[in-house]
Amino acid sequence: APLIGGRLIVGYIEDVKAKVYMHELSSGRRLYELPVEAAGNVSGLFAEKDCNEVFFQFESFLVPSIEYRMDFTNVPLETRPPVEELRRVQVAGMEKEKFKVEQVFYPSKDGTKIPMYLISNADMVRNGENPTILNGYGGFNVADMPYFGISRLLWVRHFGGVWASANLRGGSEYGESWHEAGMLHNKQNVFDDFIAAGEYLVNEKITRPDKLTIHGGSNGGLLVAATSQQRPDLFGAAINRVGVLDMLRFHKFTIGGAWLPEYGNPEKQEDFEYIFKYSPLHNLKIPADGEWPATLLMTADHDDRVVPSHSLKYIATLYDRAREHGKQRKPILARVEVKAGHGAGKPTSKIIAESVDMYAFISRVIGAQWRE
């Protein structure tokens, strides 16, 4: 955004951290960085050419929201004015010092370094015993930036858990090349990245497979289902929220046709052959010498983005495979919310009920006990 006095304010993502810099408009020369509290996300950036003020909002895994103001009235070009904190959201009982946020980089199957954030209690011990939720998305040029989520901190604080957010290929964390490396015929890279994240968490003794839950929604639900199929031994549980699971017919319903540039067209032979190899609905097979991870599918009867038939067909097929297998003891459930959609605009009461069911399921199947 161009500013009065010949300045240009520019926002970047650098290793999954928001960075905001002030530049000289005429030359592009960088003048200074706008300070933020920690690794996080900057949003709501507001400035106008004929205005002397800049406003922006910051949040992170441990900071709900801070609103800042900078006044450039009578400030020399190369001088950074004071950053005024206008408003800081406070959450009752939130003790930031009791938590720890760490960013790690791990190698995927092809050697690509993948960033991942770990949220844990400050006194977390790497003994392989920590119940862990691994979250991923990896698609549609969407970066999974640090943002505040109270239910994640509840998981960490009251279940002694770890929350891991893996920044998989397919997102925008490192530009369009990162996106392209996880779309169309490169989609397997995303699954490999997620599997490698699980292996890292186990190898680093943060957790072990029977205490590791994978979690994702929408395109992330496709991720959870595909990796459940490819490495059922690596995960104890899977939470699949409004997932895209029928990759041969996704384009025939509501907005699904808009996803053809991301996934490919199953009606074209070259795309069909690639998509069919990983389509969750069409590759369901419980390993003969093992079990399917404990699974909770979550959908809604009015979801007009990822229609509920994805989850309904998938759970019916999974039940059928489990009956044929005859040795499946881990629970396989589907939760269908009524009078709700894909997620946006969902009332707080439904969000709370959904979170309670999700964490109760995880707690039961991987043995994570509530603690004060």
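Computed from heavy atoms alone, side chains included, the values below leave out hydrogens, waters and symmetry copies. Computed from a predicted structure; not experimentally measured.
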Take Glu291 and Arg329, measure what salt bridge (Lys or Arg N to Asp or Glu O under 4.0 Å) needs, and give me the verdict at the end.
-> CA-CA 7 Å; Glu291 290 186 64; Arg329 296 293 178 267; over 6 Å; no
Within the 6.0 Å centroid threshold, strictly below: Tyr21 and Tyr12 = yes
Please give me the minimum heavy-atom distance between [X] and [Y], naming the atom from each residue.
X	Y	value
Asp303	Pro308	O-CD, 3.5 Å
Ile114	Ser108	CG1-CB, 4.0 Å
Gly28	His23	O-ND1, 2.9 Å
Leu118	Ala164	CD2-CB, 3.6 Å
Glu173	Leu168	OE1-O, 4.0 Å
Gly160	Asn121	CA-ND2, 3.8 Å

Residues Glu199 and Lys109 bridged, charged N to O under 4.0 Å = no
Between Arg126 and Glu204, does at least one N-O distance fall below 4.0 Å, as a salt bridge requires?
-> yes
Return yes if some donor-acceptor pair links the side-chain N/O of [X] with the main-chain N/O of [Y] below 3.5 Å, else return no.
X	Y	value
Glu24	Arg29	no
Asp246	Leu281	no
Arg80	Leu34	no
Asn219	Tyr137	yes
Asn283	Ser279	yes
Tyr117	Phe61	no
Arg321	Leu284	yes
Asp210	Gly236	no
Thr254	Asp304	yes
Asn186	Glu180	yes

Could you check whether any side-chain heavy atom of [X] comes within less than 4.5 Å of a side-chain heavy atom of [Y], counting everything from C-beta outward?
X	Y	answer
Leu45	Val54	yes
Leu245	Leu297	yes
His185	Asp271	yes
Asp71	Glu84	no
Tyr274	Leu184	no
Phe55	Gln57	no
Tyr68	Glu85	yes
Ile362	Trp155	yes

For the residue pair [X] and [Y], confirm or rule out a side-chain donor-acceptor distance under 3.5 Å.
X	Y	value
His342	Ser218	yes
Thr132	Asn130	no
Tyr174	Asp15	yes
Lys17	Gln103	yes

Is there a path of hydrophobic side-chain contacts, each under 4.5 Å between heavy atoms of I, L, V, M, F, W or Y residues, that connects [X] with [Y]?
X	Y	value
Phe250	Val142	yes
Met145	Phe99	yes
Met22	Phe46	no
Val190	Phe105	yes

Kindly indicate whether a cation-pi arrangement holds for Arg305 with Phe140, taking the cut-offs as under 6.0 Å to the six-membered ring centre and within 45° of the axis.
-> no
For the salt bridge (charged side-chain N to carboxylate O under 4.0 Å, His left out) test, which of Arg241, Lys350, Arg335, Arg364 pairs with Asp357?
-> Arg335
Just jot down the ring pair (Phe, Tyr, Trp, His ring centres under 6.0 Å) partners of Tyr319, sequence neighbours excluded, or say none.
-> none
Parallel, tilted or perpendicular: rings of Phe159 and Tyr359 (30°, 60°) | parallel
Going from CG on Asn167 to CG on Asn135, what distance comes out if it is rounded to the nearest 0.5 angstrom?
-> 9.5 Å
Take Lys346 and Glu337 through the salt bridge (Lys or Arg N to Asp or Glu O under 4.0 Å) test and state the conclusion after the steps.
-> CA-CA 11 Å; Lys346 188 177 293 184; Glu337 185 66 83; 5.4 Å; no
